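Please read these numbers as outputs of a predicted model, since none were measured by experiment.
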Amino acid sequence: MNVKSPGTLSRRHALLLSAGAAASLMRPAAALAQAATAAYPDRAVRIVVPFAPGAGTDAMARLMAQKLGDVMNASFVVDNRAGASGAIGTQYVAQAPADGYTLLLVASPFTTVAASLPSANYDPLQQFAPVGLIATGPLVWAANTKLPVSTMKELVALARQKPGVLNYGSAGAGGVNHLVLELLKARTGTFITHIPYRGVAPATMDMIGGQIELVTGTIPALLPFIKNGSVKPLAVTSARRSSALPGVPSMLEAGFSGIDVVNYFALMAPAGTPAAIIDSLNAAINKVVALPEVMLRFKADAVDAVPGSPAQLGQFIESDYRAWRKVVKLQNLKIE
């Protein structure tokens, strides 16, 4: 028989009392957290756009802010925080409280910049929680009308005959417009000179003027020039055609399997955001992208709605990021 002393009993009693007190303190805190999650959102939600007003990402954010506000009966506001190829606004959201009241509207630079610019200083896989994919759409390869090619195969053949002679303009180093060129060069063993611009618009104007021969851009950005014959489209950058350019082949149809590049729009939150809040936002996004007026807007912007789960967005972001990291390594890109 083991007889405990009165002192031992007193100490155990004190420990039990202190543990009970701690548990009683934790229960209200947990209840408050659950109540806050259930009431979400009970104040304005900021959607940070890491680019200046007027860009395609900004327009998508404003559309989503309006429609999410309608669906969730809440206030969603757009907060533009431009700079460093999107890194400033992205870093800001990474460091924001993980409470669902600060979100990030991302597009292709979210993964391409992180993959190619060491100065980006954020991790798209570890510092963010995926909320929902919104839409995707391809870029289109476009050429100066005087360039003696009409297909991607002819372009590659010409680039092999004249290494370094062809000039390609992008919206900036490290962006998807730049890396899609590097992907083509890596797959075909060609050398086409990259010239970074401050946006696709000035690059397109120089291509029309004959200073450079090639660009890629979003379909809405290049469609007016394609329609009036100022530039000629060679292919869209995805593995399937775009309904906005039904007569233009996909990369697969053009003879380049394994090249499937799309621009995308999605919402991300700081890592650690409660799953219940993520799920609530995701359900709202899926409702928004199915609205007839939103589908019409997407058609005008040459993008397709892509409803899905946070997990599916996470897989998409990881695949995109790792694919661009491989291209950067293959091409030995040093971007500052």
Side-chain angles (χ1 to χ4, degrees), residues 28-107 109-110 122 124 126-135 264-298 301 303 305-310 313-314 317:
L32 286 172
Q34 288 177 353
T37 300
Y40 176 85
D42 61 2
R43 64 180 189 272
V45 178
R46 282 190 299 169
I47 300 178
V48 173
V49 176
F51 299 100
T57 311
D58 177 68
M60 180 62 77
R62 294 181 188 279
L63 173 65
M64 294 303 294
Q66 177 192 343
K67 297 302 181 181
L68 284 173
D70 293 343
V71 167
M72 300 188 77
N73 192 28
S75 176
F76 285 75
V77 296
V78 174
D79 181 3
N80 295 89
R81 293 178 178 264
S85 300
I88 288 176
T90 302
Q91 292 167 7
Y92 174 81
V93 175
Q95 297 163 7
D99 57 8
Y101 289 94
T102 304
L103 306 175
L104 180 68
L105 196 293
V106 302
F110 179 65
Y122 66 85
Q126 299 299 321
Q127 291 182 281
F128 297 89
V131 178
L133 194 56
I134 298 168
Y264 62 86
F265 299 97
L267 277 174
M268 306 290 285
T273 300
I277 289 177
I278 295 287
D279 290 342
S280 178
L281 285 165
N282 179 263
I285 292 169
N286 289 339
K287 287 180 182 178
V288 166
V289 300
L291 294 171
E293 65 269 26
V294 172
M295 294 181 74
L296 283 173
R297 171 71 176 272
F298 284 0
D301 291 342
V303 295
V306 189
S309 68
L313 172 59
I317 292 293

Would you please name every residue forming a side-chain hydrogen bond (donor to acceptor under 3.5 Å, both in side chains) with Arg46, sequence neighbours left out?
Asp79, Tyr92

Would you say Pro50 and Ile88 make side-chain contact, with heavy atoms under 4.5 Å?
no

Kindly state each residue pair satisfying side chain to side chain donor-acceptor pair (under 3.5 Å) with at least one member in residues 271-284, sequence neighbours excluded.
Asn282-Asn286

Shortest non-hydrogen contact between Pro109 and Ser85, atoms and distance:
CB-O, 4.3 Å

Close side-chain approach of Leu313 and Met268, heavy atoms under 4.5 Å:
yes

Taking all non-hydrogen atoms of both residues, which atom of Val131 and which atom of Pro310 are closest, and how far apart?
O-CG, 3.5 Å

Nearest non-hydrogen partners of Val78 and Ala65, listed with the distance:
CG2-CB, 4.0 Å

For Tyr122, which residues count as a ring pair (Phe, Tyr, Trp, His ring centres under 6.0 Å) partner, sequence neighbours excluded?
Phe110

For a quick test of reading the model, state the closest non-hydrogen atom pair linking Pro124 to Ile317 and the distance between them.
O-CG2, 4.3 Å

Check the pair Val45 / Val77 against side-chain contact (heavy atoms from CB on, under 4.5 Å), numbers first and verdict last.
CA-CA 6 Å; Val45 178; Val77 296; over 6 Å; no

Quick one, Val306 and Phe298 - any side-chain contact, counting heavy atoms below 4.5 Å?
no

Pairs where residues 49-62 contributes a residue and the test side chain to side chain donor-acceptor pair (under 3.5 Å) is met, not counting sequence neighbours
Asp58-Arg62, Asp58-Asn80, Arg62-Asn80

Which is it for Met64 and Ile285 under the side-chain contact (heavy atoms from CB on, under 4.5 Å) test, yes or no, and what are the steps along the way?
CA-CA 8 Å; Met64 294 303 294; Ile285 292 169; 4.2 Å; yes

Rounded to the nearest 0.5 Å, what separates atom CZ in Phe76 from atom CG in Leu267?
8.5 Å

For the student: nearest non-hydrogen atoms of Asp99 and Ile277, plus distance
O-CD1, 3.4 Å

Going by heavy atoms in the side chains, are Val48 and Thr102 under 4.5 Å from each other?
yes

Distance col, row Leu133:CG vs Ser309:OG, nearest 0.5 angstrom, shows 10.0 Å

Scan the side chains in residues 66-74 for donor-acceptor partners under 3.5 Å anywhere in the protein, sequence neighbours excluded, and list what turns up.
residue	atom	partner	partner atom	Å
Lys67	NZ	Glu293	OE2	3.1

Which atoms form the tightest heavy-atom contact between Ala52 and Ala82, and what is the distance?
N-CB, 3.5 Å

May I have the step-by-step check of side-chain contact (heavy atoms from CB on, under 4.5 Å) for Arg43 and Tyr101, ending in yes or no?
CA-CA 8 Å; Arg43 64 180 189 272; Tyr101 289 94; 3.3 Å; yes

For side-chain contact (heavy atoms from CB on, under 4.5 Å), just list the numbers for Ile134 and Val288, CA-CA rounded to whole Å, side-chain angles, deciding distance to a tenth of an Å, and then say yes or no.
CA-CA 9 Å; Ile134 298 168; Val288 166; over 6 Å; no

When Phe128 is tested against each of Leu103, Val106, Leu104 for side-chain contact (heavy atoms from CB on, under 4.5 Å), which residue passes?
Leu104

With sequence neighbours left out, the residues meeting ring pair (Phe, Tyr, Trp, His ring centres under 6.0 Å) with Tyr264 are Phe316

